[in-house]
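Read through the structure below, which is laid out as structure tokens, and then see the notes.
Because the structure is a prediction, the values reported are computed rather than measured. Scope of the values below: all heavy atoms of this structure, side chains included, with no hydrogens, waters or symmetry mates.
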Amino acid sequence: MKYIIANHKNYLMREEILDYITKLRPVEYNKLIICPNDIYIPYFNSNFYEIGVQNISYREPFTGSLSARQLASSQIKYCIVGHSDNRIFQHETNEIISKKICSLLDYNITPILCIGENLEQKENSQVYSTISVQLSECLNKISTESVEKIIFAYEPVWAINTSDKSSDSIPTTIEINDIVIYIKNMIKEKYGVNAVVIYGGNVNLSNIDELNEIKDLDGFLIGSSSTKVNEFNNIISKVL
């Protein structure tokens, strides 16, 4: 079974959320995870999916952010960390991300760790070196036992937040599979565990069939397409 993780970001308004919930097709699939905007979390309550959040702060108290302790008290089991939106615009470093991962693991919450290269790094053939540094620095305080609990999301920064749905707007399936294998091998060699690696970055209905054929991929982190409930229902049905 592959993970299907929806990152709603801050796309939807309240009326759209209410419509979304009524139209989201129920499927008995325990690896379907919805990560709504924080203010909409109470609207999502179903046995057909798990709830995740899009970020936390490792500091307590801290204005304007959730804590891992709060997530645990609300039975929320997943949290996205290290997304490029936060790395770029919130100046989030690998050291900060590492602290967030530690905080989540302390409360038995599964981190969904985003890693990936930007366009400049891609053009300078620094994809693998970038990913290697991100993994090493984000996991430098994490025990071997805890690394096994992390979901790794390969999200090339240049493929995120784009309206371009062409095949050129994401890596090829061969490139994605090679990077997934690289991540898995790196984690296996250093920690001796089998990593769960998913792909994110312009996943949509037009490319999901091709992406779903990638042998070593364990699922998908889906942004804007996950907010279009009819498209998301079709994506789910294709992955199942």
Side-chain angles (χ1 to χ4, degrees), residues 2-3 5 7 35 52 54-55 78-102 104-105 110-162 167-203 207 210-223:
K2 292 183 178 179
Y3 283 93
I5 304 175
N7 178 12
C35 300
Q54 300 173 19
N55 202 6
Y78 296 88
C79 177
I80 298 171
V81 289
H83 193 279
S84 61
D85 286 347
N86 297 306
R87 289 180 185 266
I88 295 168
F89 300 110
Q90 303 291 341
H91 309 291
E92 206 169 75
T93 64
N94 291 327
E95 181 182 5
I96 291 173
I97 294 164
S98 178
K99 291 178 180 179
K100 291 184 177 186
I101 293 171
C102 289
L104 291 167
L105 292 170
T110 299
I112 303 163
L113 172 60
C114 297
I115 53 176
E117 77 285 358
N118 61 33
L119 185 58
E120 181 181 0
Q121 291 161 338
K122 174 181 182 287
E123 291 175 344
N124 290 331
S125 301
Q126 296 174 329
V127 176
Y128 291 96
S129 60
T130 297
I131 290 171
S132 177
V133 169
Q134 290 174 342
L135 285 173
S136 296
E137 294 184 356
C138 288
L139 302 179
N140 65 351
K141 294 182 175 67
I142 314 300
S143 68
T144 297
E145 179 183 354
S146 294
V147 167
E148 195 170 18
K149 301 173 184 177
I150 299 171
I151 297 172
F152 297 89
Y154 169 54
E155 278 207 318
V157 179
W158 53 273
I160 300 171
N161 296 335
T162 176
S167 59
D168 293 334
S169 65
I170 66 171
T172 66
T173 54
I174 294 174
E175 289 172 330
I176 293 171
N177 196 60
D178 286 347
I179 293 168
V180 168
I181 291 172
Y182 176 80
I183 295 168
K184 290 189 174 189
N185 285 344
M186 184 174 174
I187 299 300
K188 184 71 172 180
E189 289 171 8
K190 188 167 185 178
Y191 298 97
V193 300
N194 297 317
V196 173
V197 184
I198 64 177
Y199 173 76
N202 204 10
V203 178
N207 61 29
E210 188 175 12
L211 292 172
N212 202 34
E213 293 297 318
I214 299 175
K215 178 183 175 183
D216 294 284
L217 197 58
D218 298 310
F220 307 96
L221 177 57
I222 307 172

What side-chain donor-acceptor pairs closer than 3.5 Å can you find for residues 191-199, not counting sequence neighbours?
from: Tyr191; atom 1: OH; to: Leu139; atom 2: O; distance (Å): 3.3
from: Asn194; atom 1: OD1; to: Lys188; atom 2: NZ; distance (Å): 3.1
from: Tyr199; atom 1: OH; to: Gly201; atom 2: O; distance (Å): 2.8

Partner residues of Lys184 under the salt bridge (Lys or Arg N to Asp or Glu O under 4.0 Å) criterion, sequence neighbours left out:
Asp218
Taking only residues two or more places apart in sequence or in another chain, which ones pass side-chain hydrogen bond (donor to acceptor under 3.5 Å, both in side chains) with [X]?
X: Gln54; answer: none
X: Lys2; answer: Asn212
X: Lys141; answer: none
X: Ser146; answer: Ser143

What's the shortest heavy-atom distance between [X] and [Y], and which atoms?
X: Ala153; Y: Leu221; result: CB-CD2, 4.0 Å
X: Pro156; Y: Gly200; result: CD-O, 3.5 Å
X: Gln121; Y: Gly116; result: OE1-O, 4.5 Å
X: Ser98; Y: Ile142; result: O-CD1, 4.3 Å

When rounded to the nearest 0.5 angstrom, what is the spacing between [atom1] in [X] and [atom2] in [Y]?
X: Ile96; Y: Cys138; atom1: CD1; atom2: SG; value: 10.5 Å
X: Asn124; Y: Thr130; atom1: CG; atom2: OG1; value: 9.0 Å
X: Thr110; Y: Ile5; atom1: OG1; atom2: CD1; value: 9.5 Å
X: Glu155; Y: Ile115; atom1: CD; atom2: CD1; value: 10.0 Å
X: Leu105; Y: Glu145; atom1: CG; atom2: CD; value: 10.0 Å
X: Phe89; Y: His83; atom1: CZ; atom2: NE2; value: 10.5 Å

side-chain contact (heavy atoms from CB on, under 4.5 Å) with [X]: which residues, sequence neighbours excluded?
X: Gln90; result: Asn86
X: Val133; result: Asn94, Glu137
X: Ser129; result: Gln126
X: Ile214; result: Thr173, Ile176, Asn177, Leu211, Leu217

Residue pair [X] / [Y], side-chain heavy-atom distance below 4.5 Å:
X: Ser136; Y: Met186; answer: yes
X: Leu104; Y: Tyr78; answer: no
X: Ile80; Y: Asn55; answer: no

Could you go through the side-chain contact (heavy atoms from CB on, under 4.5 Å) check for Glu175 and Thr172 one step at a time?
CA-CA 5 Å; Glu175 289 172 330; Thr172 66; 3.1 Å; yes
When you measure from the side chain of [X] to the backbone N and O of [Y], does any donor-acceptor pair fall under 3.5 Å?
X: Glu92; Y: Ile97; value: no
X: Asp216; Y: Asp178; value: no
X: Ser84; Y: Arg87; value: no

Verify side-chain contact (heavy atoms from CB on, under 4.5 Å) between Ile101 and Leu113, making sure each step is shown before the conclusion.
CA-CA 8 Å; Ile101 293 171; Leu113 172 60; 4.1 Å; yes
Going by the salt bridge (Lys or Arg N to Asp or Glu O under 4.0 Å) test, which pairs reach into residues 115-128, not counting sequence neighbours?
none
Between Val127 and Ile179, is a side-chain contact (heavy atoms from CB on, under 4.5 Å) present by the stated rule, with each step listed?
CA-CA 9 Å; Val127 176; Ile179 293 168; 3.7 Å; yes
For Tyr182, all residues meeting ring-ring contact (aromatic ring centres under 6.0 Å, His included), sequence neighbours excluded
Tyr128
Could you walk me through whether Tyr154 and Ile131 pass the side-chain contact (heavy atoms from CB on, under 4.5 Å) test, one step at a time?
CA-CA 9 Å; Tyr154 169 54; Ile131 290 171; 3.9 Å; yes
